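Below: one structure, written as structure tokens.
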Amino acid sequence: MTDWLPPEAATALALSLKVSLVATLVSLPLGLLVAYALARWRFPGHGLLNGFVHLPLILPPVVTGYLLLLTFGRQGWVGSLLWDWFGVTFAFRWTGAALAAGVMAFPLLVRAIRLAIEAVDPKLEEAAATLGASRPVVFATVTLPLILPGLIAGAVLAFAKAMGEFGATITFVANIPGETQTLPTAIYSFLQVPGGDGAALKLVLISVAVAMGALALSEWLSRRVARRIAGR
């Protein structure tokens with residue numbers, strides 16, 4: 001890899017894969033819960049929650065990054081508590097890059113899962129409940145298998161979005177080589193120095209390949225799971 005890519009570019013690629021995977025895996029349980037709440041429950045503040053979830057899609061990414069800095073920075077109202085009580089900080093760390101990527105990808109994850117849940121006939125869940133199954137059992141045995149293609153699609157979309165996140169990341173955790181420099185910020189850095197166009201182009205090609213590969217994998221997995229469910 002280092003023969004074809006400069007060492008700092010290879011490091012940025014590895015960090016991007018790590019950040020995107022962590023962001024997706026950590027976001028998935030919360031995304032599933034929020035998507036289920038929006039699809040199945042009606043409660044005061046339903047519209048507010050829906051708007052809050054989709055806010056990162058509307059706001060400029062730099063604004064989202066600045067809000068993360070105000071909240072989770074060392075002097076932020078959450079960040080200061082985490083630092084004082086646990087010695088944990090997100091600002092200018094790769095974990096902060098994962099947090100920023102997860103926040104930006106969260107709306108896509110929730111939307112894909114929510115659409116899959118809304119496509120499930122509630123009567124199927126009601127029928128299982130009438131047989132004595134509790135809500136967690138109904139969800140695990142009826143709802144979850146039926147929404148699995150949407151869950152996979154949402155996770156892959158979130159991963160691809162996290163791989164391409166730039167504005168919120170560079171605002172929240174800066175662009176520190178080896179620590180917070182991800183694929184997009186590395187491309188930006190190479191474009192700022194003479195002779196860096198070649199390395200930037202290689203990273204762009206890698207970004208396109210990873211995104212297309214993720215989408216192709218999502219389609220393949222979704223179709224395979226859908227066929228398996230239909231064959232039951």
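Computed from a predicted structure; not experimentally measured.
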Q: Say whether N50 and R111, considering side chains only, have a donor N or O and an acceptor N or O under 3.5 Å apart.
A: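 Judged by distance alone, the side chains do not pair up.
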Please name the pair of heavy atoms, one in [X] and one in [Y], separated by the smallest distance, quoted to 0.1 Å.
{"X": "E179", "Y": "F92", "value": "CG-O, 3.8 Å"}
{"X": "A174", "Y": "T180", "value": "O-OG1, 3.4 Å"}
{"X": "V173", "Y": "A97", "value": "CG1-N, 3.6 Å"}
{"X": "I187", "Y": "S207", "value": "CD1-OG, 4.0 Å"}
{"X": "G65", "Y": "T171", "value": "C-CG2, 3.8 Å"}
{"X": "G73", "Y": "A91", "value": "CA-CB, 4.1 Å"}

(Q) Does L99 form a side-chain contact (heavy atoms from CB on, under 4.5 Å) with V26? I'd like the steps, not just the answer. (A) CA-CA 9 Å; L99 175 61; V26 173; over 6 Å; no
Do [X] and [Y] sit in the same hydrophobic cluster, where Ile, Leu, Val, Met, Phe, Trp and Tyr count as joined when their side-chain heavy atoms come under 4.5 Å apart?
{"X": "L144", "Y": "L30", "result": "yes"}
{"X": "V34", "Y": "L108", "result": "no"}
{"X": "V204", "Y": "V210", "result": "yes"}
{"X": "L215", "Y": "L148", "result": "no"}
{"X": "L217", "Y": "L28", "result": "yes"}

Q: Could you walk me through whether L67 and T64 pass the side-chain contact (heavy atoms from CB on, under 4.5 Å) test, one step at a time?
A: CA-CA 5 Å; L67 292 175; T64 302; 5.7 Å; no
Report yes if some heavy atom in the side chain of [X] is under 4.5 Å from a heavy atom in the side chain of [Y]; otherwise report no.
{"X": "L81", "Y": "F86", "value": "no"}
{"X": "F190", "Y": "D197", "value": "no"}
{"X": "L32", "Y": "I147", "value": "yes"}

Q | Main-chain N/O of A127 paired to T130 side chain as donor or acceptor, under 3.5 Å | A |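 Yes, T130 side chain to A127 backbone: donor-acceptor pair under 3.5 Å.
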Q: Indicate yes or no for a side-chain donor-acceptor contact from T185 to the backbone of T182 under 3.5 Å, with no hydrogens or angles considered.
A: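 Indeed, once roles are kept as given, a pair shorter than 3.5 Å links the two residues.
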Going from [atom1] on [X] to [atom2] on [Y], what distance comes out if it is rounded to the nearest 0.5 angstrom?
{"X": "L201", "Y": "L191", "atom1": "CG", "atom2": "CG", "answer": "9.5 Å"}
{"X": "L124", "Y": "T143", "atom1": "CG", "atom2": "OG1", "answer": "8.5 Å"}
{"X": "L183", "Y": "L17", "atom1": "CG", "atom2": "CG", "answer": "8.0 Å"}
{"X": "S80", "Y": "W85", "atom1": "OG", "atom2": "CH2", "answer": "9.0 Å"}
{"X": "I113", "Y": "L38", "atom1": "CD1", "atom2": "CG", "answer": "11.0 Å"}
{"X": "L49", "Y": "W41", "atom1": "CG", "atom2": "CH2", "answer": "10.5 Å"}

Scan the side chains in residues 151-165 for donor-acceptor partners under 3.5 Å anywhere in the protein, sequence neighbours excluded, and list what turns up.
{"residue": "E165", "atom": "OE2", "partner": "G167", "partner atom": "N", "Å": "3.2"}
{"residue": "E165", "atom": "OE2", "partner": "A168", "partner atom": "N", "Å": "2.6"}
{"residue": "E165", "atom": "OE2", "partner": "T169", "partner atom": "N", "Å": "3.2"}

Q | Sole candidate of T95, V78, L69, T71 that passes side-chain contact (heavy atoms from CB on, under 4.5 Å) when paired with F90 | A |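 By the side-chain contact (heavy atoms from CB on, under 4.5 Å) criterion, F90 pairs with just one of T95, V78, L69, T71: T95.
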Q: For side-chain hydrogen bond (donor to acceptor under 3.5 Å, both in side chains), just list the numbers for S189 and N175, CA-CA rounded to whole Å, side-chain angles, deciding distance to a tenth of an Å, and then say yes or no.
A: CA-CA 8 Å; S189 295; N175 185 17; 2.5 Å; yes
Q: Tell me, with the steps shown, if V110 and S27 meet side-chain contact (heavy atoms from CB on, under 4.5 Å).
A: CA-CA 9 Å; V110 171; S27 299; over 6 Å; no
Q.
Check the orientation of F139 and Y36. Use parallel for under 30°, tilted for 30 to 60°, and perpendicular for over 60°.
A.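 If you compare the ring of F139 with that of Y36, the planes turn out perpendicular.
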Q. Are more than 12 heavy atoms from other residues, nucleotides or ligands located less than 6.0 Å from atom CD of Q75?
A.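 Count not over threshold, so no.
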Q. Which salt bridge (charged side-chain N to carboxylate O under 4.0 Å, His left out) pairs, counting each pair once, include a residue from residues 125-153, with sequence neighbours left out?
A.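 Sorted result for residues 125-153: R40-E125.
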Q) Ring centroid separation for Y66 and F172, is it under 6.0 angstrom? A)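 Ring centres of F172 and Y66 not closer than 6.0 Å.
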